[in-house]
Novice: 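Take a look at this one; I'll ask things after.
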Amino acid sequence: MLTPVVDPDGAPFWEHARAGRLHIQACADCGTFRFPPRPCCPHCQSFAQEWRQVSGHGRIWSYVVPHPPLLPDYAAQAPYNVIVVELDDAPRVRLVGNLVTEAGARLDSVPPEQIRIGARVRVVFDGTGLPQWVRERP
């Protein structure tokens with residue numbers, strides 16, 4: 001399996017994720033959330049930052065179902081989905097992940113024909129700190 005590349009700006013995101021919490025970097029001066037993490041606020045150009053816990057609830061903003069050529073590490077789970085989630089707490093922040101039936105489930109656990117843009121989802125973590133998404137129950 002692929003693992004994320006952790007740089008100094010994004011390290012706190014992955015530390016929180018390994019603990020099962022979703023934190024997003026925010027400007028400590030103007031409050032604007034930013035993702036991916038970076039040193040300077042794109043809104044006010046401040047270098048002040050903080051990490052805020054968010055609910056992990058959102059909506060599917062977009063998705064794809066990759067077809068060959070696939071990365072060899074994921075070929076056995078094809079076809080699988082890759083979704084983009086817009087967070088409720090930070091609407092300009094969109095995170096990429098997979099829609100699964102439960103934390104740690106295979107990437108192909110949700111059939112592609114069951115995915116809908118706008119569907120409500122919430123974050124779960126796969127045990128290694130990789131965020132995944134499950135459908136919210138109404």
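The residues of the chain are indexed from 1 along the displayed sequence.
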Novice: Honestly curious: do Ile24 and Trp61 fall in one hydrophobic cluster under the side-chain, below-4.5 Å linking rule?
Specialist: no
Novice: Relative to the ring of His16, is the ring of Trp51 parallel (under 30°), tilted (30 to 60°) or perpendicular (over 60°)?
Specialist: tilted
Novice: Counting only pairs under 3.5 Å, give me each side-chain donor-acceptor contact of residues 103-111, with atom names and distances, residues two or more places apart or in other chains.
Specialist:
from, atom 1, to, atom 2, distance (Å)
Arg106, NE, Asp108, OD1, 3.0
Arg106, NH2, Ala76, O, 3.2
Arg106, NH2, Asp108, OD2, 3.0
Ser109, OG, Thr101, N, 3.1
Ser109, OG, Arg106, O, 2.9

Novice: Check whether Asn98 reaches the backbone of Val100 with its side chain - one donor and one acceptor, N or O, closer than 3.5 Å.
Specialist: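 A pair under 3.5 Å: no.
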Novice: Within a 6.0 Å radius of atom CZ on Arg92, are there more than 12 heavy atoms belonging to other residues, nucleotides or ligands?
Specialist: no
Novice: Rounded to the nearest 0.5 Å, how far does SG of Cys41 lie from CD of Gln25?
Specialist: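 Between atom CD of Gln25 and atom SG of Cys41 there are 9.0 Å.
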Novice: Supply the atom-to-atom distance Trp133 CH2 to Ile60 CD1, rounded to the nearest 0.5 angstrom.
Specialist: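 Between atom CH2 of Trp133 and atom CD1 of Ile60 there are 10.0 Å.
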Novice: Report yes if the side chains of Val82 and Pro66 come closer than 4.5 Å at any heavy-atom pair, otherwise no.
Specialist: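 Of all side-chain heavy-atom pairs linking Pro66 with Val82, at least one is under 4.5 Å.
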Novice: Just how far is it from atom CZ of Arg122 to atom CZ of Arg137, taken to the nearest 0.5 Å?
Specialist: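 The CZ atom of Arg122 sits 8.5 Å away from the CZ atom of Arg137.
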Novice: Are any of the side-chain heavy atoms of Trp14 and Leu130 separated by less than 4.5 Å?
Specialist: yes
Novice: Would you find a donor on one side and an acceptor on the other, under 3.5 Å apart, between the side chain of Asp126 and the backbone of Gly129?
Specialist: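 Flag set: sc Asp126 to bb Gly129 pair under 3.5 Å.
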Novice: Measure across Cys40 and Phe47 and return the closest heavy-atom pair with its distance rounded to 0.1 Å.
Specialist: CB-CE2, 3.8 Å
Novice: Verify side-chain contact (heavy atoms from CB on, under 4.5 Å) between Ile83 and Val96, making sure each step is shown before the conclusion.
Specialist: CA-CA 6 Å; Ile83 64 172; Val96 176; over 6 Å; no
Novice: Identify which one of Leu99, Val65, Asn81 satisfies the side-chain contact (heavy atoms from CB on, under 4.5 Å) criterion when paired with Pro112.
Specialist: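 Output: one option passes, namely Val65.
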Novice: Could Arg59 and Glu86 be called an ion pair, given the rule that one side-chain N must be under 4.0 Å from one carboxylate O?
Specialist: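 The answer is no: the pair does not qualify as a salt bridge.
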Novice: To the nearest 0.5 Å, what is the distance between SG (Cys27) and CZ (Arg34)?
Specialist: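 So the SG of Cys27 and the CZ of Arg34 are separated by 5.5 Å.
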Novice: Between Gln53 and Arg21, is any side-chain donor less than 3.5 angstrom from a side-chain acceptor?
Specialist: no
Novice: Closer than 4.0 angstrom, basic N to acidic O: yes or no for Arg38 and Asp7?
Specialist: no
Novice: Go through Asp88 and Arg120 one step at a time and tell me if the salt bridge (charged side-chain N to carboxylate O under 4.0 Å, His left out) criterion holds.
Specialist: CA-CA 10 Å; Asp88 289 349; Arg120 303 276 313 149; 2.7 Å; yes
Novice: Any chance you could measure Phe35, atom CZ, to His23, atom NE2, to the nearest 0.5 Å?
Specialist: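 If I round to the nearest 0.5 Å, the distance is 13.5 Å.
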Novice: Cation over ring, Arg52 on Phe33, under 6.0 Å and within 45°?
Specialist: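 The answer is yes, since Arg52 meets both limits relative to Phe33.
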Novice: In terms of hydrophobic clustering (I, L, V, M, F, W, Y; side-chain heavy atoms under 4.5 Å; direct or indirect links), are Val124 and Val54 co-clustered?
Specialist: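 No, because Val124 and Val54 fall into different hydrophobic clusters, even though each may have its own neighbours under 4.5 Å.
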Novice: May I ask whether Val123 and Val84 are part of the same hydrophobic cluster, defined by side-chain heavy atoms of I, L, V, M, F, W, Y residues being less than 4.5 angstrom apart, directly or through others?
Specialist: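 Not linked; separate clusters.
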Novice: Would you compute the distance between atom CG of Asp29 and atom CD of Gln49 and round it to the nearest 0.5 angstrom?
Specialist: 11.0 Å
Novice: Quick one: do Val134 and Ile117 end up in the same hydrophobic cluster if we chain Ile, Leu, Val, Met, Phe, Trp and Tyr together by side-chain heavy atoms under 4.5 Å apart?
Specialist: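 They do not share one cluster, since no chain of ILVMFWY contacts under 4.5 Å joins Val134 to Ile117.
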